[in-house]
Amino acid sequence: MPFAYLKSLNEEQLNAVLHEDGPLLILAGAGSGKTRVITLRAVHLIKTGKAKPYNILGVTFTNKAAREMKERIKKALEYEEGGHMEYGSGNGFGLPEFSTFHSFCLKLLRRHADLAGYERSFVVFDEDDSSKVITKIIKSLNLNEKIITPSKAKYFIERNKNSFINAEESFGTVKAWEKDYAVIYSEYSKKLKESNAMDFNDLLFNAVKLFQNNPQILERYSNLYKYIMVDEFQDTNYIQDKLIKLLAGKHKNICVVGDDDQSIYSFRGATIDNILSFEKTYPGCSVIKLERNYRSTKNILDAASILVRGNKLRKDKTLTTDKKGGGSRITVYQANNDYSESYYIAKEIRRLIREDGYSNKDIAILYRANSQSRVIEDRLVKESIRYNIYGGLKFYQRKEIKDILSFLRFALNPKDAVSFERSIQCVPTGAGEKTIKNMQDIAFKNGADILTALKTGLFSSIRGLNNMQAQTISIAPASSPAAAPDSSVSGIANYFDVILKIKSEMESVILDKQGEMVKTADEGAATESGLSRDSNSGDKLADIINFVYKASGYEAMLRTGVSKANELDRNRIENIEELINASHDFDDITEFLDQSAINDTKEEPDARDGSDITKVSLMTIHSAKGLEFPVVFIAGLEEHLFPHIRSLDNELSLEEERRLCYVGITRAKEKLYLTWSKRRRSGKDYKYNMPSRFLREIPEELIEEIIDNYEYY
DNA sequence: CCTGTCCCTTTTTTT
DNA sequence: AAGGGACAGG
């Protein structure tokens with residue numbers, strides 16, 4: 001066989017990799033090597049000359065998965081080249097596009113913002129931004145806030161957008177008692193449009209709309225992406241499926257990989273129907289089942305299989321393993337309280353490293369809810385076990401980071417009301433709710449955005465702006481101490497001065513960029529990431545951020561806090577310094593802000609410290625999907641936590657919890673620990689819990705139980 | 001009209 | 001814990 005990488009595959013995997021044209025459905029059980037199949041299929045298409053790298057589009061759910069796939073493809077191509085770097089030389093030219101649905105759509109919409117009906121400087125609102133808008137709308141509509149909550153409204157909007165139903169259409173489909181939500185949806189859409197902003201769901205929605213309204217654009221992209229692969233297909237929702245159908249409609253070279261047992265995102269609108277109807281959508285499609293598990297020991301696999309068999313709504317299937325012997329039993333540990341549980345986990349990790357030869361990176365601690373991490377973290381710190389926490393409050397969601405970035409966002413897109421309000425209020429400027437409203441009203445009446453209104457003197461009646469004069473503060477390099485705000489200038493005047501200053505700085509950088517883009521933007525995504533590397537804009541972005549930090553008075557504000565021995569402010573200072581650091585890696589401001597909205601930067605801290613000290617991984621089971629570890633702890637196996645209390649009222653969500661547990665268990669290769677605690681602190685007091693039903697569903701003979709009566713705190 | 005402070009609720013999972 | 005609401009002070 002001419003291609004060495006094919007040798008390591010079993011028959012089914014090989015069939016999948018060798019599949020060329022036409023639709024292909026791969027039903028891949030946990031640990032059956034689907035990532036290898038996807039990546040090698042891409043490699044094979046390239047090596048056989050069926051496709052150029054840029055003809056392949058891979059869609060995944062997390063940035064982490066996308067990164068990993070790209071990395072693997074790069075390695076495989078390099079390996080095949082015998083060390084030559086024709087592919088994957090780091091500039092993106094030689095590698096297929098692998099991205100999440102959201103980042104793919106965002107790139108697409110940036111390129112065709114005008115056709116999508118947005119200005120090219122549009123921003124992406126994250127959950128937090130959206131919530132703010134929704135809360136305000138509910139207030140302004142004088143709705144009963146006890147009944148109509150922002151989270152319900154958000155859910156309504158999301159549900160509709162995921163079903164490709166816009167605000168007007170939603171009036172037609174709502175039930176009578178949901179009428180208010182449709183009104184909110186409508187106001188919300190208006191508000192976002194006025195802000196030249198899209199939320200996460202809009203990214204999908206507008207991409208689909210773009211393709212539907214512009215057949216020539218769709219044509220172009222389906223010609224470009226001749227081969228499309230979708231990972232975790234069981235977790236796609238209606239609109240994601242629709243996007244893929246549009247792109248693949250012409251050539252039908254669509255390969256999807258999924259496992260109904262690992263469907264854990266129905267709360268986000270994911271529907272298993274997409275897998276079930278795949279064969280109907282693409283008659284005569286090939287179906288390949290991967291049922292051999294290469295990951296886990298027999299004990300672990302049996303526990304998982306038997307557990308998930310408790311679900312009624314599933315296609316029956318059996319995962320088999322060739323592993324000899326059962327492996328060690330699954331440890332079920334019962335603690336008196338959550339501190340004891342963490343104590344045990346930390347102690348056991350130390351033992352695993354000391355006696356069993358594992359290292360930190362081999363070990364993961366998984367849990368149902370992010371709130372569980374705190375107690376565990378505290379214990380790991382005390383035991384000096386290095387760890388990396390994934391998910392939870394992400395770096396770019398932190399208040400101080402969002403505060404600083406809101407200056408850049410507003411300066412680039414002066415229609416962005418959320419960033420305007422945020423930036424002007426995060427430091428005491430003397431402008432409060434009334435003043436802001438006042439400015440917005442003036443601007444609105446004159447059909448101008450805030451900055452235009454400011455520049456044309458419309459704000460002369462605003463206190464603090466009546467005698468605003470040109471300032472002389474300038475943007476100094478990040479390394480030198482930039483000017484703090486001049487106390488003789490009003491807070492609000494200083495604020496606008498900072499905004500205008502960074503606006504002109506940023507625009508000059510972006511203009512340079514667009515000049516480059518015109519040269520290269522011909523046909524195709526091949527040029528996509530290739531053009532931004534060698535720019536001479538250098539550390540401009542870091543300088544700008546540093547300038548905002550200093551000149552807005554944000555730093556001064558935090559440092560006063562620190563003098564009061566405020567640990568939180570100290571952390572915030574560190575985080576902003578880290579932000580400035582991270583910004584050195586970017587010279588495209590839009591790209592930087594885009595990734596701050598939709599990319600997790602989970603991986604970054606580790607990569608940057610450059611050391612080879614490895615760390616234990618902490619994350620929710622949701623974020624662990626697609627990963628594997630030699631040793632896995634799943635903490636908090638209690639009724640009301642896992643399965644979660646909010647899933648107990650209906651069979652569907654209970655089954656999803658069980659699948660989630662299945663996903664958690666199948667992350668483990670060699671050793672699995674399931675821990676639970678009789679008492680768990682929740683807020684001020686303790687809650688008493690029963691062991692999770694999932695523990696009972698695992699056969700006793702696979703388990704070794706430890707009951708610990710010690711109380712640690 | 002803005003800002004600081006005290007007290008109150010809330011915390012499933014994610015791009 | 002930490003963000004939001006209520007209230008007092010400036």
Side-chain angles (χ1 to χ4, degrees), chain A residues 59-66 99-106 124-128 130-132 135 139 145 149-151 154-155 158 161-162 198-204 232 235-237 239-240 263-270 366-374 390-394 396-399 424-425 427-438 462-464 490-492 557 560-561 564 567-568 571 594-600 602 619-625 636 640-648 653 656-657 659-661 663-664 680-684 687:
Chain A
V59 187
T60 62
F61 269 79
T62 62
N63 296 293
K64 202 186 222 176
S99 53
T100 63
F101 274 104
H102 292 83
S103 65
F104 173 77
C105 291
L106 177 53
V124 179
F125 275 6
D126 67 14
E127 296 282 305
D128 188 48
S130 303
S131 293
K132 282 191 170 143
T135 308
K139 286 209 164 81
E145 290 177 44
T149 64
S151 73
K154 216 159 104 195
Y155 178 70
E158 192 171 302
K161 285 189 180 173
N162 284 340
M198 298 188 202
D199 66 16
F200 288 154
N201 304 306
D202 285 334
L203 295 173
L204 267 302
E232 310 282 12
D235 286 327
T236 51
N237 59 31
I239 197 157
Q240 290 166 334
S263 162
I264 54 175
Y265 280 100
S266 70
F267 66 92
R268 206 168 68 184
L366 311 182
Y367 34 80
R368 175 67 180 84
N370 283 305
S371 58
Q372 287 172 256
S373 72
R374 177 153 229 108
Y390 298 86
L393 189 60
K394 285 172 205 135
Y396 285 102
Q397 322 247 76
R398 286 171 199 279
K399 181 184 185 311
I424 200 170
Q425 282 191 301
V427 171
T429 51
E433 210 182 323
K434 292 277 148 119
T435 310
I436 291 169
K437 183 84 179 28
N438 201 217
I462 304 289
R463 191 161 52 99
S490 82
I492 187 167
M557 179 181 74
T560 346
K564 287 185 240 156
E567 192 56 35
L568 184 66
N571 282 333
D594 280 352
Q595 68 88 31
S596 81
I598 63 165
N599 271 15
D600 52 74
K602 293 164 177 175
M619 69 190 93
T620 62
I621 303 172
H622 279 92
S623 12
K625 193 161 67 147
H640 293 207
L641 181 59
F642 196 16
H644 196 270
I645 188 163
R646 294 182 65 168
S647 66
L648 295 180
S653 49
E656 180 148 311
E657 294 285 303
R659 288 194 295 271
L660 187 60
C661 191
V663 169
R680 183 173 295 276
R681 184 127 105 182
S682 114
K684 281 191 283 290
K687 264 187 358 207

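Sequence lines set the chain letters: A, B, ... in the order given, protein chains first and strands last, and positions in each chain run from 1.
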Subject >> Under-4.0 Å side-chain N/O to phosphate OP1/OP2 contact, A:K64 with B:dT15 >> reply: no
Subject >> Side-chain donor/acceptor of A:E158 to backbone N/O of A:N201, under 3.5 Å >> reply: no
Original post:
So A:Y265 and A:F61, would you call those rings parallel, tilted or perpendicular, with 30° and 60° as cut-offs?
Top reply: parallel
**OP:** Determine: side-chain N/O of A:S623 to OP1/OP2 of B:dT13, distance under 4.0 Å, yes or no.
**Re:** no
Subject >> Gap between atoms CD and C1', on A:E656 and B:dT13 respectively (whole Å) >> reply: 8 Å
Original post:
5'-most contact on DNA chain B: A:F267 or A:K434, nearest heavy atom basis?
Top reply: A:K434
Original post:
Should A:T435 be listed as having a side-chain N or O under 4.0 Å from OP1 or OP2 of B:dC1?
Top reply: no
Subject >> Heavy-atom side-chain proximity of A:L203 to A:I598 below 4.5 angstrom >> reply: yes
**OP:** Mind calculating the distance between CD (A:E433) and P (B:dC2) to the nearest angstrom?
**Re:** 8 Å
**OP:** With the side chain of A:E127 defined as its heavy atoms from C-beta on, choose the nearest nucleotide among C:dG5, B:dT15, C:dG3.
**Re:** B:dT15
**OP:** Assign A:F642 to base, sugar-phosphate, or nothing according to its heavy-atom contacts below 4.0 angstrom with the strands shown.
**Re:** nothing
Original post:
Does one side chain, of A:K154 or A:S131, offer a donor that lies under 3.5 Å from an acceptor on the other?
Top reply: yes
Subject >> Of the listed nucleotides B:dT14, B:dT15, B:dT3, the one nearest the side chain of A:T620 >> reply: B:dT14
Original post:
Across the strands shown, which category fits A:F61 at heavy-atom distances under 4.0 angstrom: base, sugar-phosphate, nothing?
Top reply: sugar-phosphate
Subject >> Nearest-nucleotide pick for A:P428, side chain only, options being B:dT3, C:dG5, B:dT15 >> reply: B:dT3
Original post:
With respect to the phosphate group of B:dT11, does any side-chain polar atom (N or O) of A:N370 fall under 4.0 Å of OP1 or OP2?
Top reply: no
Subject >> Comparing A:A369 and A:Q425 on DNA chain B - which has the more 5′ nearest nucleotide >> reply: A:Q425
Original post:
Does A:K161 have a side-chain nitrogen or oxygen under 4.0 Å from the phosphate oxygens OP1 or OP2 of B:dT15?
Top reply: no
Subject >> B:dT15 OP1/OP2 closer than 4.0 Å to side-chain N/O of A:S103 >> reply: no
Original post:
Got a second to check how far A:N237's CG is from A:S266's OG, nearest 0.5 Å?
Top reply: 11.0 Å
**OP:** Remember a base hit wins even if backbone is also touched, and classify A:K139 as base, sugar-phosphate or nothing at under 4.0 Å, heavy atoms.
**Re:** sugar-phosphate
